[in-house]
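First the structure, in the form of structure tokens, and then the observations on it.
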Amino acid sequence: MSANAHAADLDALLAGLNEPQREAVVHGDGPLLILAGAGSGKTRVLTHRIAYLVGTGQARPDEILAITFTNKAAQEMRERVELLVGRRTRAMWVMTFHAACARILRADAHRLGYTRQFTIYDQADARRLVKRAIDELDVDPKRFTPGAIHHEISDAKNKLRDAEAYAQMVGSFFEQTVADVYKLYEAELHRMNAMDFDDLLVRTVNVLELFPEVRRRYAEAFRHVLVDEYQDTNHVQYRLLQLLTGGGADGRLADYGHRNLVVVGDDSQSIYGFRGADIRNILDFEDSYPDATVVKLEQNYRSTQTVLDAANAVIRNNRGQREKELWTDLGVGDPIKVRELDDEHAEARYVAGEIERLVDEGVSRSEIAVFYRTNAQSRVLEDTLVRAQIGYQVIGGTKFYERAEIKDAIAYLTMLVNPQDVVSFTRIANSPRRGIGQTSLSRVISWANTAGITIWDAALDPDSVPGLGTAARKAFHRFMGAMRILGERAAANPPVGELLREVLAESGYLEALEAERTIEAQGRIENLEELVNVAAEYDLSAENSDEGPSLAGFLQQIALVADADGRRDDEGLVTLMTLHNAKGLEYPIVFMIGLEEGVFPHQRAIEEGGLEEERRLAYVGITRAQRDLYLTYARARAVFGARSYAARSRFVDEVPMGLTDRSEQPAHGVGSVRARATTWGSPSPNLSPLGSGPIPGGGWDASGGSAGGGTELRLGDDVFHAAFGDGVVTGVEAGGIVVIRFSRDGSERKLVADLAPIEKR
DNA sequence: CAGATCATCGTTTTT
DNA sequence: CGATGATCTG
């Protein structure tokens with residue numbers, strides 16, 4: 001390629017970028033934080049920067065490590081980089097945190113006592129193992145659920161606290177219990193040559209910290225590290241990035257350190273705190289990297305100004321956010337439609353009716369998305385859409401790889417490479433039913449433990465297992481006979497697709513399903529066929545990779561993939577999903593439903609001080625809308641079978657009236673914040689047969705505004721309370737009620753403005 | 001050991 | 001209300 005062509009390429013890379021985008025792309029060495037608002041073109045910036053680094057010769061392709069959180073994002077980034085630099089992309093590491101760690105560990109985990117065939121346990125496997133530890137320790141499972149304990153362990157791991165460190169700082173009975181379980185759980189995992197998702201990160205950090213030569217190798221290999229969705233990183237990931245960019249075990253910069261770390265994120269879209277993400281990583285980036293360059297991307301290329309104003313207004317109610325104001329030159333757009341409905345059925349009918357109207361106007365169903373807070377909310381909506389014959393797809397829910405039959409098949413394959421994997425063994429021993437019950441299984445497992453042999457070897461020789469009945473012994477002989485044949489086959493390294501076929505046949509799994517003769521079983525068989533296809537595809541694609549196809553490689557790959565059935569864009573289907581699943585997506589028309597206190601924000605978030613994260617979730621939802629945004633809520637809703645009533649979500653009220661089709665409040669502080677018939681703007685008479693009929697009847701609303709006089713508190717006001725101290729107004733509700741969050745303990749309280757001992761500061 | 005009935009308990013979940 | 005798990009009985 002000539003020098004001219006190069007220059008032309010570089011020009012093309014920068015063309016069409018706005019000023020801050022360009023600054024981020026051409027940034028030289030050293031840490032860079034890109035604060036990228038929703039829809040501000042961050043992927044464009046990342047991909048163009050990678051291309052620019054390669055194009056200018058600042059980096060070779062194999063010196064680039066680009067990290068994302070999802071496989072989908074990684075794939076998209078890889079594709080887009082490939083469009084810019086072509087085949088050279090292949091040498092780059094463009095993958096998820098977990099995939100990158102798994103790759104490092106396959107090469108170096110032996111230093112920690114694992115084989116390269118280690119098993120990766122997903123959440124469910126991990127929880128099962130936690131449960132076994134709980135049973136083992138005779139912990140009362142009533143008081144402490146496996147889920148809660150696992151969550152706590154996961155939390156500790158995310159903070160790089162190992163079992164020992166955790167035990168050092170227990171302060172309650174619960175924590176003592178967790179400490180005990182944690183210790184046993186870790187021992188078991190290691191003994192089984194297995195890692196959970198958290199381990200992939202933690203063990204990588206361990207390897208890098210313990211072995212300077214490994215640390216140096218990777219830090220020298222990756223001269224440029226780029227991270228997407230940085231606001232969702234946790235502490236392990238923070239540490240990992242430090243080590244990969246040349247931080248030493250002591251935290252100081254090594255001589256080979258380069259600190260070429262580019263992170264992209266938006267603190268306003270941090271919605272995974274409940275999973276250990278630490279928003280401080282992005283908020284305090286400059287504390288960790290004082291010489292960091294910071295670039296803000298605030299121009300939005302996705303939404304109307306009305307939508308952006310709404311998002312800006314809502315997020316402004318959070319404290320401690322990075323200052324940021326989204327803007328666009330796409331125009332003002334239409335007002336946000338706010339609708340109050342009688343109950344969730346009326347809400348669903350309204351959404352369905354509106355969709356029909358839009359489709360009549362020429363909108364494609366695939367341009368429409370409906371977001372809700374919890375999965376349970378999709379049910380009513382689905383019923384209604386089915387009746388209205390509106391095609392839809394639900395994103396999320398049970399994932400392909402979480403289906404029982406798929407996990408069973410994978411467990412069979414896993415046993416063939418990791419004979420120590422008791423969790424997988426437990427899963428398949430009696431699936432299909434072959435007369436191996438809980439008791440016999442436990443006997444074999446504990447025999448393996450006492451004899452110090454693998455579970456595979458213990459089962460292979462059931463006659464040596466003490467206390468095992470004749471029938472059980474026979475069952476194990478038959479089962480392991482099949483496994484042995486499969487093991488020999490696997491040793492010959494056949495195509496994974498073929499091996500899987502044999503597993504399904506030899507194990508009797510397929511036969512058992514066929515014998516069921518139910519529609520459900522038929523569906524499972526089809527899923528298994530799909531898995532065989534996935535394996536065959538792997539065989540093909542791994543053919544020309546550096547390692548070549550292998551069973552272990554296949555297992556590792558699919559362990560890190562969430563679902564095989566991704567969403568389809570061009571099918572003319574309305575898309576339904578939780579707000580969490582909506583991040584990173586965009587739709588011309590967006591419905592956010594169930595905007596009620598207790599639903600969204602979720603009750604538990606209200607109780608446990610998680611309001612800011614809920615608000616960020618609202619921000620994410622709003623900023624998905626390109627053109628039209630609907631906010632709906634129901635006066636009543638069935639919760640756990642019982643009918644319950646809730647106030648409209650504070651998030652609705654945080655959207656300025658003027659941006660919505662509600663009319664202005666009659667007078668400041670007088671009358672109701674709550675809607676009444678007259679407050680609904682633009683009458684929409686064009687409701688379809690499925691519509692809810694004329695929108696809300698008035699009259700039910702009895703609340704009055706703050707009863708005149710008194711202190712006028714507004715959102716964001718700093719206040720002082722005689723008993724609770726300093727706080728900030730985070731909500732203003734009907735009836736003169738204000739929501740105040742107190743800085744002393746972070747608690748959020750609802751107070752009557754006129755009665756509570758509050759003064760404005 | 002397996003199916004069946006009973007009881008419990010309800011977020012979100014990139015990997 | 002409905003899904004999921006624990007305990008009971010054949």
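Lettering follows sequence order; numbering is per chain, from 1. Note that this is a predicted model, so its numbers are computed, not measured.
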Heavy-atom nearest nucleotide on DNA chain B taken for A:Ile271 and for A:Thr439; more 5' hit belongs to A:Thr439

Would you mind classifying the nucleic acid contact of A:Asn430 as base, sugar-phosphate or nothing, using non-hydrogen atoms under 4.0 angstrom?
sugar-phosphate

C:dA3 and B:dT14, which share atom name C1', separated by this distance in whole Å
25 Å

Any idea if B:dT11 is syn or anti, going by the 90°-from-0 cut?
syn

Which is true for A:Gln123 with a 4.0 Å heavy-atom rule: it touches a base, it touches only sugar-phosphate, or it touches nothing?
base

For A:Leu560 and B:dT13, what is the distance between atoms CG and P respectively, to the nearest whole Å?
19 Å

Measure CZ/A:Arg379 against P/B:dG10 and give the value in whole Å, please.
19 Å

Mind checking the C1' distance from B:dT11 to C:dA6? Whole angstroms is fine.
24 Å

Got a salt bridge between A:Arg650 and A:Glu654, using NZ or NE/NH1/NH2 to carboxylate O under 4.0 Å?
no

Under the criterion side-chain contact (heavy atoms from CB on, under 4.5 Å), which of A:Val417, A:Leu189, A:Leu112, A:Leu200 is the partner of A:Phe118?
A:Leu200

Output yes if the stacking criterion (under 5.5 Å between centres, under 30° between planes) is met for A:Phe640 over the base of C:dC1, else no.
no

Can you tell me if A:His602 is stacked onto the base of B:dT11, using a 5.5 Å centroid cut-off and an angle below 30°?
yes

Would you confirm whether the ring centroid of A:Phe274 sits within less than 6.0 angstrom of the ring centroid of A:His151?
no

Between A:Asp196 and A:Tyr185: side-chain donor-acceptor atoms closer than 3.5 Å:
yes

What integer distance in Å separates A:Phe400:CZ from B:dT14:C1'?
19 Å

Is the shortest distance from a Lys or Arg side-chain nitrogen in A:Lys159 or A:Asp155 to a carboxylate oxygen in the other one below 4.0 Å?
yes

Using whole Å, report how far CG of A:Asn71 lies from P of B:dT13.
17 Å

Using a heavy-atom cut-off of under 4.0 Å over every strand shown, decide if A:Glu229 touches base, sugar-phosphate, or nothing.
nothing

Name the closest nucleotide to the A:Asp232 side chain, picking from B:dT15, B:dT13, B:dT14.
B:dT14

Atom CD of A:Glu612 to atom C1' of B:dT12: distance rounded to whole Å?
17 Å

Between B:dT14, B:dT15, C:dA6, spot the one nearest the side chain of A:Lys131, thanks.
C:dA6

